[in-house]
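This is the structure I want to talk about, given as C-alpha cells.
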Amino acid sequence: MSRKVLIGVLVISLFSFNVYAGEVEVLHWWTSGGEAASVAVLKQLLEKEGHTWKDFAVAGGGGDAAMTVLKSRAVAGNPPTAAQVKGPQIQLWAEQGFLANLDDVAKAEKWDELIPKVIADIMKYKGHFVAVPVNVHRINWMWANPAVFKKAGIEIPKTWAEFDAAAKKIQAAELIPVAWGGQPWQEATVFETIVAAKGPEFYTKTMVKADPAALMSDTMIKVLERLKALKQCTDKGAPGRDWNLATAMVIKGEAGVQFMGDWAKGEFTAAGKKPGVDYMAPTAPETGKMFLFNVDSFIMFKQKDPEAAKAQKAMARLILQPKFQEVFNVNKGSIPVRMGMSEDPFDAVARTSMKDFVATSKGGGLVPSMAHEMAVMPAIRGAIMDTVTNFYNSDTSAKDAAAQLASAVKAAK
Ligand code: GAL
C-alpha cells in the first residue's frame, strides 16, 4: 500500500469510528437482567451518535454501594461523567460545586414543559437543571404468582387480614408465602409500604418530615408489628438475598409474593412472563390510594474536555427523548417521566401506574419514597433504615424500636 493510500485509509477509518466524539463514563447500579437490558438502550443510542460509553456499574440494589464508590471517586478528584443519583442528594452534590449546568439542553428540549413540576424541581439547583430524570417507579406493589395461590386454594389478598389467612394456606401447601430479600434497603422498602397503608398524612409525618412524635406513636408500633409478623412468612435463605433472586422465587412458583418496587416487573419481562397471566401485580394490601414514587435520575459532573462535555449533553438530551423513554421504561418496569407519551407500548401494570400517578397527585396519595432516597436527607434515611433493620433482625419489641426510631432521627437531624 502506498503512503498516500495508507493515509487515506487511516483518515476514512478515523471518521467512520468517530474517534473525535466524546466518552461518557456512567456510574449506575443496574446489573440485574431487567435493569441491564434497560440501561443497554441508552448505551446504544449514544453509540449511534458516535460517542463511547464506559460502563461503571457497581452492583447492589438500591444503590448504597454505588454511592460509597461515587463519593470516593469524587473526593479523589476523579468523578465519572454521569452518575445515578436521586432526590435530595442532588442538592448536596450541586452545593459542593461538582455539577454541570444543563440549562442549554433543557431549554432546547423544553424540559420544563415535558416533566411534571414536582419532578423538575428535584432536578434543579437554584433554578438550574443539574440532573436529568429517567423514569417514575412505584414502590407499593405486591408481585404475586397466581399458580401458588391456586395450589393453596385461596384468592390473592387485598387487606393485611386476608394476607395473614393466605400466608397460612400457602405454608400449608409447603410453599413460601413471601420471597424476602434480607438487605437493609429491601427491609426499608417493605417497611415504608406498610407505613403507606396508614394513609398519606401518617406517611408524610413519618417518612418525609421524620417527626419524632409520629415515629414513636401507637400507629408506628402497629406498623413495626406487621413488619415483624412477615418474618414467619419467609424462608431460611432470606438473610442477605438480592432482590432479583427474591423475584425469581415468585417467577418460579416457589413463593407467593414479593413486596418490591416495579423494577421487579423488569425481571418478569426479561423472563418472558406476562402480567395478568403468569403473574399478578396488585398494589400492596391497603395501599391502593397511595403512590410511593421513586424517580431515577443522572447527575452530570463538570467536564474539562469539550468532547466529553458534548457527549454528556447528548446523553442528557437522549434520556428525555420519546424513543428512550419508551424502550427503557418498557424494559425497566417503570413509567415515562416525559408527559404526553402514548400508552400503547405499555402493559396493564404500567397503565395502572400512569393512571394512579395522576389520580394520587390530585388525591394526596402521591408521596416520595424514603427507602429510595426521595424523601429525606441521607443521614435521616440511614437512621431510619438502620433502626428498622436492627428491629427486624433482633428480638427488640416494636415499642422499643419505635422509641429508637424517634431518637435516631433526632440525632441525625
Ligand atoms: C432503586 C432504583 C431502581 C432499581 C432498584 C433496584 O433504588 O431506583 O431503578 O434499580 O433500586 O436496584
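Every number for a ligand or one of its atoms is a count from 1 in the order of the listing.
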Neighbour count >12 (heavy atoms, 6.0 Å) for atom NZ, K169: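 Counting neighbours around NZ of K169, 12 or fewer heavy atoms of other residues, nucleotides or ligands fall under 6.0 Å, so no.
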
Close side-chain approach of F346 to N329, heavy-atom, < 4.5 Å: yes

Nearest non-hydrogen protein atom, atom 1 (C) of ligand 1: H372 ND1, 3.5 Å

E187 versus W180, side-chain donor and acceptor atoms under 3.5 Å: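 Indeed, the side chains of W180 and E187 share at least one donor-acceptor pair under 3.5 Å.
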
N or O contact, G61 vs ligand 1, cut-off under 3.5 Å: no

Polar atom proximity, D296 to ligand 1 (N or O, under 3.5 Å): yes

Residue pairs passing the side-chain hydrogen bond (donor to acceptor under 3.5 Å, both in side chains) test where at least one lies in residues 360-371, sequence neighbours excluded: E192-S369

Side-chain heavy atoms of V24 within contact of H51, under 4.5 Å: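 The answer is no; the side chains never approach within 4.5 Å.
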
Per-atom contacts of ligand 1 with K332, taking only distances under 4.0 Å to non-hydrogen atoms: 3 (C), 4 (C), 9 (O), 10 (O)

Residue W243 vicinity, atoms of ligand 1 by number, heavy atom under 4.0 Å: 6 (C), 12 (O)

All side chain to side chain donor-acceptor pair (under 3.5 Å) counterparts of Q232, not counting sequence neighbours: none

Closest protein heavy atom to atom 12 (O) of ligand 1, given as residue, atom name and distance to 0.1 Å: E35 OE2, 2.7 Å

Contact check: N294 vs ligand 1, nitrogen or oxygen atoms, below 3.5 angstrom: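 N294 vs ligand 1: N/O contact under 3.5 Å present.
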
Any G63 heavy atom less than 4.0 Å from ligand 1: no

Ligand 1 N/O within reach of W263 N/O, cut-off under 3.5 Å: no

H137 contact mode with ligand 1 (heavy-atom cut-off under 4.0 Å):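 It is the side chain that touches ligand 1; the backbone stays farther off.
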
Under 3.5 Å side-chain donor-acceptor pair for E267 and S32: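 Short answer, yes.
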
